[in-house]
Amino acid sequence: MAESELSNSAIADALEELGDLYELDGAIVHRVLAYRAAAKAVREASVSVAALALEGRASELPGIGKTLQEKILALAQTGAIPAAERLRAKFPPGLIAITRLPGLGPKRARLVHSELGVDSLQALRDAALAQRLRTVRGLGPKLEESVLSALVELDANPTAHASPRVVLPRALEIGQELVAGLAARAGEGAHIELAGSIRRQADSVKDIDIVATTISEGGPQILAKSLSKLEQIEQVSSAGKAGAKARTHSGMGVDLRIAAPGQLGNLLQHFTGSGPHNAALREAAVRMGLHVSEYGILNDATGATDTYETEHHVYQRLGLSYIDPELRENRGELEAARGGTLPQLIELADIRGDLHSHTIASDGHNTIEEMALAARDRGYEYLAITDHSASHGFGNDVSPEQLRRQIELVREANTRVQGIELLAGSEVNILPDGSLDYDDELLGELDWIVASVHTSFGISAQAMTARMITAMEHPLVDAIGHPTGRLIERREPYALDLAAVFTAAARTGTMLEINANPARRDLSDVNARGAARAGVTIVIDSDAHRAGTLANMRWGVATARRAWLTATQVANTRPWPELEQRRKRHAQQRR
DNA sequence: GCCGTTTTCGGCCCGACTGTTTTCAGTCG
């Protein structure tokens with residue numbers, strides 16, 4: 001296999017930069033959008049795009065054609081794209097920073113560069129202070145004002161983006177508080193719900209989108225005014241009949257949109273998105289002579305705009321079966337909905353047990369029995385106790401001797417606590433050479449083994465891949481925990497050849513985890529989908545460190561749904577005896 | 001620059017808001 005250290009994320013960054021540069025250069029918007037779409041496809045790919053390009057196969061990815069295949073190949077072979085070099089020489093780097101300011105895009109950046117010679121944020125500030133921006137046709141005093149206030153904000157907080165992304169549970173919590181607050185003030189007959197990326201159950205959320213309908217005459221005004229009264233809201237920037245825009249004290253944007261009940265389906269469909277899903281949906285609709293917006297569907301043939309109360313009817317009108325919100329990312333769901341081949345997605349109620357949990361034996365906060373009772377309360381049939389292993393290194397090491405004692409304690413608790421099967425397991429460290437930190441004899445006494453990387457994240461992709469594959473080839477390793485090590489919005493995944501890992505997992509019968517900790521969700525949606533396509537069995541685990549966080553399972557199921565997974569593709573939707581028989585140590589015995 | 005129930009060229013979603021305008025361009029989601 002072609003080996004390249006050029007990561008997908010580095011390629012995606014390069015394509016985005018090139019798109020920005022072409023935009024500054026005045027390229028037509030569709031060409032720029034093509035670069036952005038290609039960057040997204042590269043970032044989401046679960047195989048090495050550099051390796052694909054070296055084989056001449058990058059154009060197999062959606063949105064990448066002959067030209068971009070060549071440009072990625074050049075980047076992989078020479079470390080640079082000639083067109084980007086040329087454009088970088090033409091436009092000073094400060095111009096890109098200017099396009100990032102609110103209210104300023106490529107057109108205006110180009111304008112201030114050509115008319116005033118502005119080539120940096122500092123030069124822009126000087127021009128605004130000297131009131132020179134208003135001398136350019138199309139620009140005025142208001143823009144000077146907004147430029148200066150944006151620069152002040154940037155100075156105060158140079159690293160943070162204007163609106164940071166937060167992980168889903170936090171956004172959902174704020175969103176639900178806002179919905180409850182609005183509902184309490186809206187009166188009878190109002191319907192209020194969350195849309196946007198929260199409803200799609202994305203990894204992280206930038207803005208909270210709220211959709212509301214009201215039947216009373218002054219309903220819209222009451223709702224918009226109610227929003228400004230909520231304690232979470234810092235300020236409302238605009239309010240009208242159709243809705244309001246606001247910002248929370250924590251800095252999240254809030255977009256409230258209001259419609260008549262008869263349009264709820266149209267509004268909800270529009271505001272659930274995603275952007276690429278809606279764009280693709282609308283392009284397909286145009287070919288049918290239909291124009292879709294949040295207000296309804298305009299029919300070219302009749303000139304009438306039809307509105308729909310439910311999303312089901314919106315999709316039906318467009319010749320599509322209903323698409324679950326988690327799938328609306330333009331990753332093939334429209335074609336599947338057209339052909340009636342969408343999957344029956346896994347649900348939280350399908351989960352029968354949890355195979356990754358911690359207790360006070362390592363870094364957990366509850367006893368075996370407390371965890372067992374909490375799992376039973378959740379309706380589980382089984383729970384694996386998998387404390388950290390002998391070299392965890394955070395003061396929570398479980399020595400071989402302690403593990404033997406822990407196994408006895410689990411067995412005792414299993415006889416004491418009725419109504420749930422307790423499994424004695426371990427989350428064993430995968431050492432840099434791929435070996436494990438207990439000997440095989442002790443590992444052989446365990447019911448369930450999840451192996452994870454917790455150290456030496458910085459080794460090369462080649463070394464990390466070999467390390468993982470060695471661990472998967474161990475006959476007693478049932479599953480790999482949080483396989484890429486990413487932390488959402490905080491830490492990139494470690495360098496790893498995922499395609500090779502998936503192949504090895506399928507070959508050895510090792511399961512790969514979707515770790516349901518909402519800061520991890522690892523495997524990610526696209527990677528879990530890639531793994532399942534490669535024939536890998538997925539297991540969804542809470543990785544709970546206290547009884548309460550067994551409930552994190554829901555975020556893992558959310559990721560599985562975004563990965564198009566059905567219940568049958570996930571191991572722990574099966575009763576333990578059935579799951580137990582399907583894992584590799586039995587498959588190996590059968591041979 | 002991509003792509004095909006308008007297939008190798010000519011299209012490529014839809015609307016709101018803002019500021020600068022007197023009909024609209026640019027930006028944003």
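Order of the sequence lines sets the chain letters (A, B, ...), proteins ahead of strands, with each chain counted from 1.
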Review point. Do we see a donor-acceptor contact under 3.5 Å between the side chains of A/Glu311 and A/Gln269?
Key: no
Check your understanding: P atom, B/dT8 versus B/dC3: distance in rounded Å?
Key -> 16 Å
Study note, to complete from the structure: All heavy atoms of A/Leu68 vs all of A/Gly63, minimum pair found to be CD1-O, 4.0 Å
Revision key, fill the gap. Applying the 3.5 Å cut-off to both distances, the Watson-Crick or G-U partner of B/dT8 turns out to be none
Check your understanding: Taking only N and O in the side chain of A/Ser146, is any of them less than 4.0 Å away from OP1 or OP2 of B/dT18?
Key -> no
Check your understanding: With the sugar-phosphate defined as primed atoms, P, OP1 and OP2, and the base as all remaining atoms, what B/S/- string results for nucleotides 19-29 of chain B, 5' to 3', for protein heavy atoms under 4.0 Å?
Key -> SSS----SSSS
Check your understanding: Any side-chain donor paired with an acceptor under 3.5 Å for A/Arg317 and A/His312?
Key -> no
Check your understanding: If the P atom of B/dC12 is compared with that of B/dT7, how far apart are they to the nearest Å?
Key -> 14 Å
Review point. Which whole number of Å gives the distance between the P atom of B/dT27 and that of B/dT21?
Key: 15 Å
**Study point:** Side-chain donor-acceptor contact under 3.5 Å, A/Glu333 with A/His277
**Key:** yes
Exercise for review: Determine the Euclidean distance between corresponding P atoms of B/dC14 and B/dT6; express it in Å to zero decimal places.
Suggested key: 16 Å
Review point. Heavy atoms under 4.0 Å, any strand shown: does A/Val292 hit a base, just sugar-phosphate, or nothing?
Key: sugar-phosphate
Review point. Hey, does A/Ile64 reach any base, or is it just sugar-phosphate, or nothing, if we go heavy atoms under 4.0 Å?
Key: sugar-phosphate
Point to revise | Gap between atoms CG and C1', on A/Leu267 and B/dC14 respectively (whole Å) | key: 14 Å
Practice item. Answer yes or no: is there an ion pair linking A/Arg491 with A/Asp522, defined by an N-O contact shorter than 4.0 Å? Key: no
Study note, to complete from the structure: Taken to the nearest whole Å, CG/A/Asp300 to C1'/B/dC13 is 13 Å
Exercise for review: Mind calculating the distance between CG (A/Leu334) and P (B/dG4) to the nearest angstrom?
Suggested key: 13 Å
Exercise for review: Ignoring backbone atoms, test whether A/Tyr295 places a side-chain nitrogen or oxygen under 4.0 Å from the OP1 or OP2 oxygen of B/dA16.
Suggested key: yes
Review point. Between A/Asn266 and A/Thr307, is any side-chain donor less than 3.5 angstrom from a side-chain acceptor?
Key: no
Exercise for review: Could you tell me whether A/Val286 contacts a base, only the sugar-phosphate backbone, or nothing, with contacts defined as non-hydrogen atoms closer than 4.0 Å?
Suggested key: sugar-phosphate
Check your understanding: What integer number of Å spans the C1' atoms of B/dA25 and B/dT20?
Key -> 9 Å
Review point. Expressed in angstrom and rounded to an integer, what is the separation of A/Glu60 atom CD from B/dC3 atom C1'?
Key: 16 Å
Practice item. Give a yes-or-no answer on whether the side chains of A/Arg165 and A/Ser204 include a donor-acceptor pair shorter than 3.5 Å. Key: yes
Point to revise | Gap between atoms CE and P, on A/Met288 and B/dT6 respectively (whole Å) | key: 11 Å
Review point. Please give, in whole Å, the distance from B/dG15 C1' to A/Ile297 CD1?
Key: 16 Å
**Study point:** A/Arg328-A/Ser274 side chain donor-acceptor pair, cut-off 3.5 Å
**Key:** no
**Study point:** Integer-rounded Å distance: B/dC12 C1' and A/Arg36 CZ
**Key:** 16 Å
Review point. Between A/Asp300 and A/His291, does any side-chain donor sit less than 3.5 Å from a side-chain acceptor?
Key: yes
Review point. With rounding to whole Å, what would you report as the distance between B/dT22 and B/dC17 at their P atoms?
Key: 23 Å
Check your understanding: How far does the P atom of B/dT5 sit from the matching atom of B/dG1, given to the nearest Å?
Key -> 24 Å
Exercise for review: Report yes if a side-chain nitrogen or oxygen of A/Lys66 is closer than 4.0 Å to either non-bridging phosphate oxygen (OP1 or OP2) of B/dC3; otherwise report no.
Suggested key: no
Practice item. Return the value, rounded to whole Å, for the distance between atom CZ of A/Arg338 and atom C1' of B/dG4. Key: 12 Å
Check your understanding: Can you tell me how far C1' in B/dT18 sits from the matching atom in B/dC2, rounded to whole Å?
Key -> 32 Å
Exercise for review: Name the residue closer to the 5' end of DNA chain B, choosing between A/Gly275 and A/Arg287 according to the nucleotide with the nearest heavy atom.
Suggested key: A/Arg287
**Study point:** Of the listed nucleotides B/dC14, B/dA16, B/dG1, the one nearest the side chain of A/Ile28
**Key:** B/dG1
